[in-house]
J.: 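One structure coming up, written as structure tokens, with questions to follow.
Naming convention: chains lettered A, B, ... in sequence-line order (proteins, then strands); numbering from 1 in each chain.
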Amino acid sequence: MGTFDKVVPFISRHIYTLSTANLNRLINGYIRIGNLRDARKLFDQNPTSRNTVIWNTIISAYIQNDEPHNAQNLFDEMPDRDIVSWNTALSGLKKIKNPEGVYLCFLKMRRVGLKPNEFTLSIMISALLDTVFNVLTPQIHASVVSLALNSSVFVGSALMRGYANVGDRVALGRVFDEISMKNVASWNALVLGYMDLGDPDEAQRVFGLMPERNVVSWTTLVNGYIGNKKTSAARSVFDRMTERNVVSWTVMISGYVQNGKFVDALRLFLLMLRSGTQANHFTLSSVLEACAGCSSLLLGKQVHLNILKSGIPDDVILSTSLVDMYAKCGDIEAAFCIFQSMPKKNLVSWNSIIGGYARHGLGTRALEEFERMKRLGIRPDHVTFVNVLSACAHGGLVEQGEREFYSMEKEFGIQAAVEHYACMVDLFGRAGQLEKAEELIKGMPFEPDIVVWGALLGACGLHSNLELGTFAADGIRRLEQDHPVMYSTLLKIHGEKGVWTNVLELKKKMKEQGARKQTAGSWIESSYGVG
DNA sequence: GTAGGGTTAG
């Protein structure tokens with residue numbers, strides 16, 4: 001290679017090199033308009049003008065833009081990482097829900113001798129919430145104290161969440177007391193903490209002591225009551241709010257949905273629209289779930305139209321809610337149509353469509369989608385298998401169901417849970433293989449639940465097996481649950497077998513319990529949401 | 001350039 005070949009790229013690189021200040025300005029400009037590709041191009045073209053801040057800016061932009069892989073690669077290439085770089089990496093790992101990665105990254109940072117700051121510690125604590133690593137909260141607290149960061153409002157609020165998460169009520173209060181300049185966020189964290197600990201009364205008391213309250217304080221209270229299953233208390237707080245935003249409305253709507261009060265949810269949604277508050281994707285997926293819950297295809301379609309008109313961007317969760325709504329409202333073709341058009345699908349989306357076909361009795365279609373999903377390299381989870389097994393049960397695919405049941409553990413390492421056993425009992429039971437169902441129940445590694453017994457009892461009703469039916473009914477009674485279906489099924493079997501004294505006795509008992517014969521519908525379906 | 005207190009799907 002001649003001198004020229006070496007010199008030209010060198011010169012061209014340097015002639016057009018931007019100053020650090022200009023590079024920074026241009027990169028920030030591209031990021032602001034969402035053009036990460038050109039920001040990266042400039043970054044790559046100006047290796048000598050890059051400084052730590054620019055590296056951090058790009059890494060952070062990748063994280064915010066849901067490109068954790070690019071962020072990680074750049075972080076790995078980075079020559080001089082400062083504390084902000086590490087904090088950015090930690091927040092990226094937190095975002096992709098990798099608590100172990102967060103912990104290991106923190107250790108690595110410590111090993112290169114960097115001292116954590118307030119950002120580091122609050123990211124750490126919040127990243128470990130609701131994971132097995134939350135036991136580290138007191139240890140992190142120790143670091144906080146040794147670095148004298150205990151009066152920080154940010155660290156304090158994070159610590160309070162951490163302690164509430166591990167159920168330490170005393171520490172929650174102590175951390176709050178130690179925050180020197182408490183603001184409304186610290187107070188909100190205290191209300192949230194007591195709600196998380198399952199003590200709404202104390203949360204309400206603290207709420208009353210607050211020097212100032214904002215819309216978040218009120219929403220925290222509403223949501224806390226909902227989390228503690230006190231829907232009407234939540235509603236009365238909601239009604240007393242002087243200012244509501246889209247989050248407050250959504251919290252209350254989804255609260256109704258979580259508690260099965262679909263009509264209340266839909267009614268509130270209409271009030272929200274009348275109030276002029278614009279729904280967002282959180283609101284709409286809750287509303288779609290409400291439509292699905294009360295099988296209101298008409299309303300579901302209207303919500304769908306609304307989404308299309310409002311121009312809310314494509315979102316995996318919202319689209320999956322639509323798939324589920326159409327499937328549960330009986331329009332499986334529409335469900336599949338939306339599913340097909342989704343540019344991004346995740347495990348939940350696949351589970352929805354498989355469950356949808358299963359519910360419609362289209363076992364073979366469900367299994368086709370299951371195969372397609374596996375071919376695309378998506379690993380099924382325990383929910384997938386509930387849907388697959390239920391598809392087999394509904395489609396009468398006994399042998400296939402058996403194969404899937406064993407492959408679940410062998411191929412995918414998923415331990416069969418009680419709901420899988422319930423599906424298998426249902427599968428064998430519907431097919432009239434009652435001995436196999438019985439055998440399965442007796443060999444189960446745990447106690448059968450109401451759904452397992454219900455499946456067996458249903459099968460006994462279908463195939464008029466009095467002996468096994470009584471065995472199932474006894475199982476249900478041992479769980480101290482009297483379900484009207486139990487009586488009506490037993491009644492049917494007894495009637496068919498001509499055991500009239502028992503029929504009369506059962507009828508008497510039903511009357512005492514106030515049980516009424518139920519309309520058609522499967523017990524399993526209502527318990528697992530599939531069938 | 002990094003963090004806190006409230007919301008979504010199977």
J.: Would you check if there is a donor-acceptor pair between the side chains of Arg40(A) and Tyr30(A) at a distance under 3.5 Å?
T.: no
J.: Taking only heavy atoms on the protein side, list every residue of residues 219-243 of chain A lying under 4.0 Å from any atom of DNA chain B, sorted numerically.
T.: Thr219(A), Thr220(A), Asn223(A)
J.: Does Lys94(A) reach a base, just sugar-phosphate, or nothing at all? Heavy atoms under 4.0 Å.
T.: sugar-phosphate
J.: Is the count of non-hydrogen atoms from other residues, nucleotides or ligands lying under 6.0 Å from Gln139(A) atom CD greater than 12?
T.: yes
J.: Which residues within residues 309-325 of chain A lie with some heavy atom under 4.0 Å of an atom in DNA chain B?
T.: Ile317(A), Thr320(A), Ser321(A), Asp324(A)
J.: Output yes when at least one side-chain N/O atom of Ser352(A) is less than 4.0 Å from OP1 or OP2 of dA9(B), else no.
T.: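 No, no such contact exists.
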J.: Please give, in whole Å, the distance from dA9(B) P to Trp350(A) CH2?
T.: 21 Å
J.: Would Asn387(A) and Ser390(A) count as having a side-chain donor-acceptor pair, cut-off 3.5 Å?
T.: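 Distance-only check fails for Asn387(A) and Ser390(A).
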J.: Taking the side chain from Asn117(A) and the backbone from Phe119(A), do they hold a donor-acceptor pair closer than 3.5 Å?
T.: yes
J.: Is there a donor in the side chain of Asn24(A) and an acceptor in the side chain of Asn51(A), or the other way round, less than 3.5 Å apart?
T.: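 Their side chains do not contain a donor-acceptor pair, so the 3.5 Å distance test is not met.
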J.: Do we see a donor-acceptor contact under 3.5 Å between the side chains of Gln204(A) and Tyr225(A)?
T.: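 Side chains of Gln204(A) and Tyr225(A): pair found under 3.5 Å.
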J.: Could you list the residues that satisfy side-chain hydrogen bond (donor to acceptor under 3.5 Å, both in side chains) with Ser49(A), not counting sequence neighbours?
T.: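 Counting only residues at least two positions away or on another chain, Ser49(A) forms no side-chain hydrogen bond (donor to acceptor under 3.5 Å, both in side chains).
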J.: With sequence neighbours left out, which residue pairs that include part of residues 152-165 of chain A fulfil the side chain to side chain donor-acceptor pair (under 3.5 Å) condition?
T.: Glu118(A)-Ser152(A), Asp130(A)-Asn165(A), Asn134(A)-Asn165(A), His141(A)-Tyr163(A)
J.: Can you pull out the residues from residues 171-188 of chain A that lie within a 4.0 Å heavy-atom distance of DNA chain B?
T.: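 Going residue by residue through residues 171-188 of chain A, the ones with a heavy atom under 4.0 Å of DNA chain B turn out to be Asn183(A), Val184(A), Ala185(A), Asn188(A).
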J.: Can you check the Ile63(A) CD1 to dA3(B) C1' distance for me, whole Å?
T.: 13 Å
J.: Check whether any side-chain nitrogen or oxygen of Arg244(A) sits under 4.0 Å from OP1 or OP2 of dT7(B), and answer yes or no.
T.: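 No, because none of the side-chain N or O atoms of Arg244(A) sits under 4.0 Å from OP1 or OP2 of dT7(B).
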J.: Can a donor-acceptor pair under 3.5 Å be found between the side-chain atoms of Asn387(A) and the base atoms of dG10(B)?
T.: no
J.: Using a 4.0 Å cut-off on heavy atoms, which residues in residues 259-273 of chain A reach DNA chain B? List them by number, or say none.
T.: none
J.: For Asp82(A), answer base if it contacts any base atom (sugar-phosphate contacts may also be present), sugar-phosphate if it contacts only those atoms, and nothing otherwise; contact means non-hydrogen atoms under 4.0 Å.
T.: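 The answer is base, as Asp82(A) lies within the cut-off (heavy atoms under 4.0 Å) of a base atom.
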J.: Nearest-Å distance, CE (Met109(A)) to C1' (dA3(B))?
T.: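 To the nearest whole Å, that distance equals 14 Å.
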J.: Less than 3.5 Å apart, any donor N or O on the side chain of His69(A) or Tyr62(A) sitting next to an acceptor on the other?
T.: no
